[in-house]
Amino acid sequence: MAKSPPESSNGSGQNCIKLSIPSRLEYLGVLDQLVQAIAEQMDFDADARDAIANSVIEAATNAVQHGHQHQSDLPVSFWFEMKGDLLDIWVHDSGPGFDLDEVTAADPTGPEGLLRSRGRGIFIMRAMMDEVEFDIRQGEGVTVHMCKQVTPPSDPGA
Amino acid sequence: MAKSPPESSNGSGQNCIKLSIPSRLEYLGVLDQLVQAIAEQMDFDADARDAIANSVIEAATNAVQHGHQHQSDLPVSFWFEMKGDLLDIWVHDSGPGFDLDEVTAADPTGPEGLLRSRGRGIFIMRAMMDEVEFDIRQGEGVTVHMCKQVTPPSDPGA
Amino acid sequence: MKIKQEAIGDVYVLRLSGQLMGGPDADAVRETILSALNQGYKNLLVDLKDVSWVNSTGLGILISSHITVSNNGGFLKLMRVSRRIDSIFMVTRLNTVFQVFDSEPDALASFQGDSASSPKAES
Amino acid sequence: MKIKQEAIGDVYVLRLSGQLMGGPDADAVRETILSALNQGYKNLLVDLKDVSWVNSTGLGILISSHITVSNNGGFLKLMRVSRRIDSIFMVTRLNTVFQVFDSEPDALASFQGDSASSPKAES
Ligand SMILES: Nc1ncnc2c1ncn2[C@@H]1O[C@H](COP(=O)(O)OP(=O)(O)O)[C@@H](O)[C@H]1O
Ligand SMILES: Nc1ncnc2c1ncn2[C@@H]1O[C@H](COP(=O)(O)OP(=O)(O)O)[C@@H](O)[C@H]1O
């Protein structure tokens, strides 16, 4: 799985859609619609489309809230690369980064975590996508990479 | 009306969504969904949303077909700037450009034009948007700028 | 875009779905129409119910189809055009070129005793 | 997100619409709930029918609301949760925290004789 955002390969390519939005939660609805459309074009089923959209929204929420602290003039960038039945997504903010091990130590579904009002975003992404990785660089921001493959309809004879 | 694409002001800004897609007609459906979502967020009514989406699709079709001649690795770029109830859109390709006066001389609704199979794209944009302008630069490509304002619901008492 | 085909009596119905926008769509529509004409059909009906949008290149496909069919002495009509597509027909005045019907029975019935065009149905 | 409010007998119903995602949404929900509690309502029902999606910050709003209401001796229940939102409840196990009802009559009836929680309705 490619680790660096397609930025490094110029961000172009025949199968890559790029988006950038201001750091405002009110644009997450527009993002949702774009992601749903991309996933539909790739023939993901309705549950998978929702899972992908939920995950991109979580990454974008973190970029806006934690990465850019709602500074709306800072853009959050998205790359959607469609290779056959594999969708690779990168979400980038230019914020200060964070310590991944520290924030994911707590289990939001355990007795302590269940009633906390925060700490579920990364958990949801990991539960809903095939793979989720964080590229956190001091001074260069955070890039979340996630991917999901179209599942062939299950074979009832198998 | 701003004539240059927001590119010149760095393409950032708190109200600007940017998109780029490969030069493939199959991505126009995804584009349509994004434009519809942006127009809905701005409270354009259903007819206006369709008009805007139709116009952006026409500009994108021209960029893919004429500007980039279907070279799918060349990206078509879009800027959507939302200022209050005014939506400004720029569509850019890096193709060779064309002679606007020449191509818009023929009226596609006149007796000669009506049965031609081409030559309606720019006409449709002009009919459906408030303003449409072309910035055509030798060697730097074509940028179509169009805008539309939300019409307040008509006052039955007026 | 996808095409489903169906012969209903002497009317050959093409049911399009998706988006009508040129490229491969043009070939698909042309081939289907030529094949229908080759089979002897003169009455062609294009169902646009499941077409979400048409761009100007897609309009070109409909116009070429119309011309091909007319040149072969047949009739090409449209039915179940969405509000969105109808607005493009109005703006481009293609509403004066195509006969458009809201319902399938009306469209099918219109071919009976056809020798000249009848006015566009109300939408 | 928008909130419509309605008292049905002794149940205070909050009908949310749009997207539930934190920011100003958090304040709006909190204020509505505090005002209902101040008016003496103990039974609160949140209608999610017209909520297209919820993010984790939105889940936080629901959890804080639940805690506030419980701390005031009341009950907060949810109804008409879409498949999309339900999948987030399952993944985060918040389905074990919230009582969710598919229909409004079931939800309203459930408050009669409430003193402890009843099991989550089938979805
Ligand atoms: N893009 C980011 N930039 C900075 N910090 C982040 C980012 N994403 C996540 N974090 C940190 O990780 C924590 C956990 O994130 P998450 O699991 O999404 O839950 P929540 O956002 O509800 O706290 C956040 O509280 C924040 O401290
Ligand atoms: N982005 C572009 N790059 C190059 N040529 C263009 C571009 N847009 C339009 N044109 C030229 O203008 C003509 C008219 O465009 P249009 O009105 O959209 O109709 P059509 O695309 O059906 O020909 C095109 O045929 C093409 O020659």
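Lettering follows sequence order; numbering is per chain, from 1. Heavy-atom basis, side chains included; hydrogens, waters and symmetry copies ignored.
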Query raised in the report: Based on non-hydrogen pairs under 4.5 Å, which of D/Arg84, D/His66, D/Arg93 is most in contact with chain A?
Result: D/Arg84
Report task. May I ask you to say whether A/Arg126 pairs ionically with A/Glu58, meaning some side-chain N is under 4.0 Å from a carboxylate O? Result -> no
Query raised in the report: Between A/Ala53 and chain D, which part of the residue has a heavy atom less than 4.5 Å away: side chain, backbone, both or neither?
Result: both
Query - When A/Ile124, A/Asn62, A/Leu25 are compared by non-hydrogen pairs under 4.5 Å with chain D, the top option - result: A/Leu25
Query raised in the report: So, are D/Arg83 and A/Asp47 salt-bridged, with charged N and O less than 4.0 Å apart?
Result: yes
Query - Segment of D/Val91 engaging chain A (4.5 angstrom heavy-atom cut-off) - result: both
Query raised in the report: Should the pair D/Lys77 and D/Phe101 be classed as cation-pi, given the thresholds of under 6.0 Å to the six-membered ring centre and 45° from the axis?
Result: no
Report task. On the 0 to 90° scale, with breaks at 30° and 60°, tag the A/Phe98-A/Phe134 ring pair as parallel, tilted or perpendicular. Result -> perpendicular
Query - Per-residue contact mode, D/Ile88 against chain A (heavy atom under 4.5 angstrom) - result: both
Query raised in the report: chain D heavy atoms under 4.5 Å from A/Asp32: which part of the residue, side chain, backbone, both or neither?
Result: side chain
Query raised in the report: If you measure from the Lys or Arg side-chain nitrogens to the Asp or Glu carboxylate oxygens, is any gap between A/Lys83 and A/Glu81 under 4.0 Å?
Result: yes
Report task. Could you look at A/Arg49 and say if it's the side chain, the backbone, both or neither that has a heavy atom under 4.5 Å from chain D? Result -> neither
Report summary line: Of the listed A/Gln65, A/Glu26, A/Arg118, the one with the largest count of heavy-atom pairs under 4.5 Å with chain D is A/Gln65
Query raised in the report: Side-chain contact, heavy-atom cut-off 4.5 Å: D/Phe89 with D/Leu78?
Result: yes
Query raised in the report: Heavy atoms, side chains only, cut-off 4.5 Å: are A/Ile38 and A/Met82 in contact?
Result: yes
Report task. Flag the one option from D/Leu94, D/Ile67, D/Asp25 with the top tally of heavy-atom pairs under 4.5 Å to chain A. Result -> D/Leu94
